[in-house]
Amino acid sequence: MNQFQFATDLFTGLNDAQKAAVECTEGPVLVLAGAGSGKTRVLTHRIAHIVQQRLARPWQVLAVTFTNKAAGELKQRAAQITDGGDEVAAGTFHSTMLRVLRRDAETLGYPRDFSIFDADDSVRLVKQILKDHSEDRFRPKMVHSAISKLKNDLVDPETYDARAKLPFERVVAAVYPEYKKRLKVLGGMDFDDLITLPIQLFREYPAVLNYWSGRWRYLHVDEMQDTNRAQFELLRQLAGPKPNLFAVGDDDQSIYGWRGARVDNIFSFKDVFEGAKVFRLEQNYRSTQQILDLANAVVSKSIRREEKKLWTNRSGGVVPEVVGVGTDIDEAREVVDRIGRATLSGKRAFKDFAILYRTNAQSRLFEDALRAMRYPYQVLGGVGFYSRKEIRDALAYFRLCLNPLDELSLRRIIAEPPRGIGATTLQKLQAFGAEHDRSLFEVMTKSNLVDGLGTRAVNACQKFTEQILTWQTALHSIQPPKPAENGDAEAIPDDVQSIAEGEAAEPAPLEKWAQTVLEESGYIGRLRDEGDFEAQGRLDNLDSLFNSLAEHSVRRGTLQDYLEQAALASDQDKYDPGADSVRLMTIHAAKGLEFPSVFVTGLEDKTFPLSSPDDDDSRDLDEERRLFYVAVTRAHDELVLTYTQNRRVWGQFTDMGPSPFLLDLPKDSIEWTGRNPMSSAGKYQGLQKAQGYTGSGGGSWKPRTLSKAPRKQASAELPVLGRLGGGTQHDEPNEESQATSPQTAHVSGEDIPAVRAGDLVTHPKFGQGIVIATSPFQDSVRVTVEFDGIGQKKLIQKIARLQPVKDF
DNA sequence: TAAGTGAAATTTTTT
DNA sequence: ATTTCACTTA
């Protein structure tokens with residue numbers, strides 16, 4: 001009865017291509033779905049279809065996405081049209097695999113309550129290793145991201161060691177195995193382990209693979225273009241010899257190459273999964289034709305892509321607009337002005353607007369402007385709740401109670417608050433532990449055995465470990481450690497299981513426990529004592545932590561679950577579609593979302609497409625192009641692109657050239673608006689001169705044309721910008737002063753020595769080196785130096801003050 | 001041992 | 001500009 005009802009509904013309102021894809025329930029299927037072509041719809045309808053046809057129970061259907069947000073939406077929408085749809089196993093790759101690992105971690109030699117190390121933890125660990133090797137040539141973050149890429153590419157340490165040649169690669173090759181080893185010793189997994197360890201598990205224990213692949217009979221993957229090698233392998237394993245794999249993706253929206261995503265996974269899908277059926281969804285239901293034209297114009301310049309053309313039968317709409325402004329502050333004001341006008345006239349609600357930018361750092365000025373006008377807004381991403389210091393500290397306490405092996409957490413809180421255990425003591429404990437192959441925590445419980453420790457230190461250790469153990473016991477009393485799950489557990493959906501398991505919930509025992517821990521540890525007390533504005537803010541944040549813990553506790557979640565969610569759920573997910581507020585986020589964060597009116601901001605060279613100031617070739621222009629495509633296709637009917645001529649970067653006023661993407665726009669179907677575009681012309685000239693002189697420093701060389709060249713070229717290619725020159729505004733006073741006083745500003749830099757390529761220079765830390773190259777950097781010079789025995793460094797002369805070594 | 005001081009690095013984008 | 005990290009001093 002119901003079934004018939006569902007069946008008719010399911011296919012009405014789908015176009016032919018969508019229908020065909022939904023109906024194709026067996027075998028490998030690839031759906032190439034352009035932006036706004038209804039891919040989530042296809043996914044959810046197919047899932048509903050499978051369930052209705054009784055091909056599988058809802059919990060036998062797996063859908064993997066990249067963000068929790070997407071998973072949540074998928075689940076919710078599936079639930080609306082499917083009987084039992086909320087039992088569908090929908091989650092991110094990471095959270096799904098975490099379930100697998102929780103069940104069998106011990107098989108792989110990890111503790112049951114293994115910790116999850118987020119990016120920050122992982123980098124810390126790398127840093128420690130680098131320090132132990134007294135290696136400080138490379139940034140821990142870079143080394144970690146190299147390791148992460150290797151893991152995602154399924155390259156093991158031995159293989160890499162054999163091929164690593166360059167100094168940086170050698171360092172990575174040295175750190176990689178050590179990093180892996182230490183992670184395991186600490187009973188921790190990093191993000192990449194959550195993908196690669198299941199692969200290993202499945203390889204070594206076919207029974208485990210059988211369990212999961214038998215359970216998930218229909219696999220769905222969203223955003224296939226963003227999968228990396230490891231994820232692809234995982235899918236292949238789970239899909240098994242008779243793959244029921246339904247992949248949806250769009251190569252034009254591949255924007256995660258920087259973290260190892262392989263668009264190739266889309267191109268090679270047909271080869272890897274033989275007989276795969278391919279469907280294309282090209283009808284767009286979201287945007288106006290003008291917006292699509294603009295999107296197509298830019299992305300069609302990409303080198304390798306599946307040819308497709310989005311179209312819509314929506315008519316009407318507003319012509320997309322490009323707006324040039326003087327400074328980043330003007331940009332924020334302009335955008336907020338427009339939002340104000342549209343909302344005050346009642347044409348739009350605040351939530352109709354999204355302000356998109358390339359980097360999180362750009363959000364601040366928009367926030368300021370919105371706050372000044374008292375307009376409601378929410379910022380997605382950025383420095384998230386869980387990355388604040390006090391929250392991380394608190395979680396470290398919790399983590400340590402669950403997993404005393406977690407030395408990273410231990411070190412994090414050992415001096416928060418100070419308890420008389422300092423670097424020296426830790427050093428001795430560590431050495432002892434290394435000798436006897438014991439964890440740091442264990443050594444601390446027996447610190448009296450460690451030579452050379454004063455009674456004070458021993459007592460401090462004693463007290464600390466006793467506290468932890470007490471809290472651990474308390475935790476177990478409210479939340480008994482789970483008995484080992486027997487291997488032949490029935491295929492009960494976990495969600496159901498966990499609900500059935502729970503007992504009558506007391507009023508938020510977890511919250512109480514957490515409060516006790518932070519009180520007794522003295523953490524909260526110390527914040528209270530500090531009593532300043534900042535400490536108060538931290539206390540407030542801890543309060544929110546307690547609240548969310550209480551909520552979690554009421555829903556019978558365990559602390560373990562909570563920590564997992566904290567590690568895997570980013571700020572990204574707190575997006576509240578209901579609230580009437582302007583949305584601010586990076587373009588990456590906006591993928592999968594849509595808004596009636598969208599501002600894409602910062603369309604300047606080096607901002608978007610983004611590249612570091614010194615080396616231009618580091619950027620992947622094609623990926624930036626696709627990012628632009630993603631950005632503009634978020635808009636239903638109104639699209640405004642903004643760019644500035646001068647922006648503050650790293651606290652420095654910096655002249656900006658227009659984004660090359662602006663040159664690719666179909667000129668006729670766009671409206672160009674210049675607000676006060678020439679206001680900075682005078683300043684611009686002035687700054688150029690200033691930069692020239694700064695570059696020369698002591699004056700040993702002639703002023704160079706520096707940023708002039710790219711500017712000239714850009715405006716030559718973009719005559720439209722010239723048209724903007726009709727602006728009538730004049731320089732502001734502070735610009736004037738900059739323009740007229742380059743000398744005064746910079747000749748005072750007599751103590752900043754001038755250097756040029758070939759010079760022999762000294763640096764207080766790195767010693768002697770040869771200057772390889774110099775390039776203008778803001779109001780100073782960026783100098784590349786080859787230091788003896790250290791390698792190349794890039795330094796800002798204004799700060800580093802390299803001293804030339806006089807010839808002799 | 002721990003708090004206080006200055007230099008220097010930081011800014012992609014996220015699970 | 002803001003934040004982090006290494007080195008110095010109470």
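So you know, we letter chains A, B, ... as the sequences are listed, proteins then strands, and number each from 1. This one's a predicted model, so the numbers in the text were calculated from it and none came from an experiment. Excluded from the calculations below are hydrogen atoms, water molecules and symmetry mates; all remaining heavy atoms, backbone and side chain alike, are included.
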| request: Would you indicate what A:F191 reaches in the nucleic acid, counting non-hydrogen atoms under 4.0 angstrom: base, sugar-phosphate, or nothing? | output: base
| field | Span that lies between the C1' atom of C:dA6 and that of B:dT11, in whole angstrom | value | 23 Å
| said: Measuring only the P atom in each nucleotide, how far is B:dT13 from C:dT4? A whole number of Å is fine. | reply: 15 Å
| query | Can you tell which of B:dT14, C:dC5, B:dT12 lies closest to the side chain of A:R358? | reply | B:dT12
| task | Please name the pair of heavy atoms, one in A:F191 and one in A:A119, separated by the smallest distance, quoted to 0.1 Å. | result | CE1-N, 4.0 Å
| field | Sugar-phosphate only, base, or nothing, as touched by A:K389 at under 4.0 Å among non-hydrogen atoms | value | nothing
| query | Could you walk me through whether A:R364 and A:E367 pass the salt bridge (charged side-chain N to carboxylate O under 4.0 Å, His left out) check? | reply | CA-CA 5 Å; A:R364 178 164 254 147; A:E367 291 179 62; over 6 Å; no
| Among B:dT14, B:dT15, B:dT12, the nucleotide that comes nearest once only the side chain of A:Y256 is considered | B:dT14
| said: Categorize A:K591 for me: base, sugar-phosphate, or nothing, with a 4.0 angstrom heavy-atom threshold over every strand shown. | reply: nothing
| said: Starting the side chain at C-beta, find the nucleotide from C:dC5, B:dT13, B:dT11 nearest to A:K127. | reply: C:dC5
| query | Checking A:R102 against A:F114: charged group under 6.0 Å from the ring centre and within 45 degrees of the axis? | reply | yes
Produce the list of close N/O pairs, under 3.5 Å, pairing protein atoms with atoms of nucleotides 2-6 of chain B; give distances to one decimal.
{"residue": "B:dA2", "atom": "OP1", "partner": "A:G420", "partner atom": "N", "Å": "2.8"}

| field | N or O in side chain of A:R648 less than 4.0 angstrom from C:dA1 OP1/OP2 | value | yes
| Given B:dT12, B:dT11, B:dT15, which nucleotide is nearest the side-chain atoms of A:T92? | B:dT15
| remark: Heavy-atom nearest pair, A:Y357 first then A:L584, reads OH-C, 3.3 Å
| query | Where each residue is assigned the nucleotide of DNA chain B containing its nearest heavy atom, which of A:A457 and A:A361 is assigned the position nearer the 5′ end? | reply | A:A457
| message | So, OP1 or OP2 of B:dT15: does either fall under 4.0 Å of a side-chain N or O from A:T67? | response | no
| field | Result of checking A:D192, A:T196, A:D193 against A:K151 for side chain to side chain donor-acceptor pair (under 3.5 Å) | value | A:D193
| field | Under 4.0 angstrom between A:K606 side-chain N/O and B:dT12 OP1 or OP2 | value | no
| If only side-chain N and O atoms of A:N360 are considered, is one of them under 4.0 Å from the OP1 or OP2 phosphate oxygen of B:dT14? | yes
| field | Distance below 4.0 Å between A:T425 side-chain N/O and B:dT1 OP1 or OP2 | value | yes
| task | Indicate, with a heavy-atom threshold strictly under 4.0 Å, whether A:F93 touches base, sugar-phosphate, or nothing. | result | nothing
| Given side chains that start at C-beta, do those of A:R634 and A:L356 come closer than 4.5 Å, heavy atoms only? | yes
| message | Looking only at side-chain N and O atoms, does A:N228 offer a donor or acceptor that is under 3.5 Å from a partner on A:Y256? | response | no
